[in-house]
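First comes the structure, then the notes that go with it.
The sequence lines fix the lettering, A, B, ..., with proteins before strands; numbering per chain opens at 1.
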There are 2 protein chains.
Amino acid sequence: MMAIRSPQPAPAQNPAVTVDVLVFTIREDALQVALIKRGIEPFKGSWAIPGGFVLPHESLEEAAAREVREEAGVTDVFLEQLYTFGRPDRDPRCRTITVAYYALVPSVHIHLSASTDAAEASWFPVKRLPPLAFDHADILQTALERLKSKLEYSSIAYALLPERFRLSELQKVYEVILDRKLDKRNFRKRILSLDLLEATDQVDAGGAHRPARLYRFKERRIVSFD
Amino acid sequence: MMAIRSPQPAPAQNPAVTVDVLVFTIREDALQVALIKRGIEPFKGSWAIPGGFVLPHESLEEAAAREVREEAGVTDVFLEQLYTFGRPDRDPRCRTITVAYYALVPSVHIHLSASTDAAEASWFPVKRLPPLAFDHADILQTALERLKSKLEYSSIAYALLPERFRLSELQKVYEVILDRKLDKRNFRKRILSLDLLEATDQVDAGGAHRPARLYRFKERRIVSFD
DNA sequence: TGAATAGTGTCTTTCAGACAATATGCC
DNA sequence: GGCATATTGTCTGAAAGACACTATTCA
């Protein structure tokens with residue numbers, strides 16, 4: 001069976017396409033996200049997820065990686081496409097479709113840079129966010145859900161930690177993302193049984209207490225379990 | 001700390017944005033996908049995933065729903081965004097970014113329609129696909145992985161079945177998507193323990209054998225378990 | 001009565017979760 | 001020796017997976 005439908009012509013003007021990147025890290029025992037304060041209208045003075053146009057020669061992922069590099073000065077970070085947001089009215093200026101990515105950077109000193117159309121850049125704990133521009137609150141919510149669910153069945157946590165870490169640091173990553181306390185014995189039993197980690201022969205240079213053994217991920221890449 | 005980076009200006013011309021939709025159904029005990037035979041260059045004569053431009057006034061999801069309606073003549077189907085594909089060279093004509101969706105339609109007679117730039121539309125079992133245009137083989141692969149994983153932890157199977165169905169039909173849905181046989185007793189025990197189904201007082205009008213009880217989903221919407 | 005599918009129970013293993021005491025290094 | 005964190009095991013309940021026979025209807 002065959003029928004003819006009316007064609008949809010190419011629109012007179014294409015929508016603008018941007019890539020927005022949520023850069024997450026763990027700081028001060030909290031999950032934090034990098035935001036910029038907008039220096040131009042619309043939403044001048046509001047905080048927003050950093051992003052920019054996709055250039056003609058680059059892929060979406062390359063555009064996202066460039067954004068992370070410009071924003072946080074880091075390369076080789078975990079970067080994954082999140083979702084594409086395209087409500088017709090999401091940008092009052094013109095039709096804009098944004099492909100959102102999220103990046104995970106290790107909890108070390110990350111130097112945020114403000115871009116030209118941003119007055120300021122800063123980390124915010126995801127539990128204490130300022131009002132966000134555009135539909136960025138939706139995007140952030142989507143990212144937090146993805147992060148929680150991926151943490152449960154994959155090894156993404158490696159991307160938030162330095163190469164060597166204490167098991168208690170790894171547990172803290174799980175706790176701040178899942179937003180609940182975990183039992184130490186059960187956590188260690190489960191995480192070690194996954195066979196993703198190996199103990200190193202080093203211990204940390206901690207404080208006035210028993211030093212902890214340092215572990216590392218056997219592979220510093222995403223592995224799914226379950 | 002603050003640094004100034006060079007701005008990325010808006011590109012002289014925006015990329016084209018399309019929505020492609022993988023329409024899946026179960027036919028002849030196989031997972032099948034609707035494809036169109038391209039009537040125009042490039043890839044004239046190749047099979048492709050149906051799609052089209054996003055119109056100025058519609059959201060991405062509305063564009064995808066319109067595509068399903070035009071292609072398969074059905075509304076109210078399960079529809080979910082899959083992934084956005086944007087390799088710079090994926091369309092030889094011009095920079096084109098496609099937001100891929102997938103739809104699940106019940107295994108009843110679906111009347112496929114060819115659009116104007118398609119010579120023909122047809123169902124293909126996903127295990128016997130023709131060569132596909134553009135990067136559509138990648139898109140299909142991504143969809144199959146998503147479908148398998150969502151089947152395991154959500155109730156999407158409802159969208160592939162009529163309102164009332166035999167448990168053996170439901171099991172078949174799982175088997176053809178996961179591409180492996182399942183044990184009948186374990187399958188029934190597990191699926192019934194999820195408390196998503198309810199038995200109706202009807203049995204099917206089957207053949208020369210004991211009739212099967214018909215079940216239905218308590219809620220015809222996606223529910224996640226695990 | 002034979003063909004075809006429907007329908008059902010037990011056992012074993014694995015995993016998750018509740019739960020508390022001892023060990024070690026540093027000051 | 002006191003403090004702060006590290007490290008470790010048992011029990012219980014739930015769920016997954018292996019596995020085979022009886023029931024029912026129709027031709």
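Contact annotation: B:Ser193 side-chain N/O to D:dA15 OP1/OP2 distance is not under 4.0 Å.
Between the C1' atom of D:dG17 and the CZ atom of B:Arg188 lies a distance of 17 Å, rounded to the nearest Å. Atom pair B:Arg185:CZ and D:dA23:C1' shows a separation of 15 Å (rounding to whole Å applied). Atoms CG (B:Asp183) and C1' (D:dA15) sit 15 Å apart, rounded to a whole Å. Nucleotide D:dG9 holds its C1' atom 8 Å from the NZ atom of A:Lys189, rounded to whole Å. Distance, A:Leu192 CG to D:dA6 P: 14 Å, rounded to whole Å. Taking atom CZ of B:Phe187 as the reference point, atom P of D:dA15 lies 17 Å away to the nearest angstrom. Atom CG of B:Leu178 and atom P of D:dA16 are 14 Å apart (whole Å). Between the NE2 atom of B:His209 and the C1' atom of D:dA27 there is a distance of 12 Å, given to the nearest Å.
The residue B:Arg213 sits close only to the backbone: its heavy atoms come under 4.0 Å of sugar-phosphate atoms, none of a base. Counting any heavy atom pair closer than 4.0 Å across all strands shown, A:Arg190 reaches sugar-phosphate atoms only and no base atom.
Extent of DNA chain C lying under 4.0 Å from chain A heavy atoms, first and last nucleotide in 5' to 3' order, is C:dA16 to C:dC26.
Residues B:Leu104 and B:Leu79 fail the side-chain proximity criterion, which asks for heavy atoms closer than 4.5 Å. Between B:Phe124 and B:Gln32 there is no side-chain heavy-atom pair separated by less than 4.5 Å. Side chains of A:Tyr215 and A:Leu192 form a contact here, defined as non-hydrogen atoms less than 4.5 Å apart. Side-chain contact between B:Pro131 and B:Trp47: absent, with no pair of heavy atoms (C-beta onward) separated by less than 4.5 Å. Residues B:Leu160 and B:Val105 form no side-chain contact, since every pair of their non-hydrogen atoms from C-beta on lies 4.5 Å or further apart.
Across B:Asp29 and B:Val176, no two heavy atoms sit closer than the pair O-CG1, 3.1 Å.
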Can you list the steps and then say if B:Phe217 with B:Phe165 is a ring-ring contact (aromatic ring centres under 6.0 Å, His included)? CA-CA 9 Å; B:Phe217 279 87; B:Phe165 50 86; 5.5 Å; yes

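Tested against B:Leu82, the residues B:Val99, B:Leu22, B:Leu140, B:Leu147 include a single side-chain contact (heavy atoms from CB on, under 4.5 Å) partner, B:Leu22.
Nearer the 5' end of DNA chain C, as judged by each residue's closest nucleotide, is the contact made by A:Lys184, out of A:Lys184 and A:Pro211. In terms of position on DNA chain D, the residue among A:Asp204 and A:Asn186 whose nearest nucleotide sits closer to the 5' end is A:Asp204.
Separation of the B:Tyr174 and B:Phe187 ring centroids falls under the 6.0 Å cut-off.
Pairs of Watson-Crick or G-U wobble type, with distances under 3.5 Å, assemble into runs of 3 or more in DNA chain D at these ranges: C:1-27 with D:1-27.
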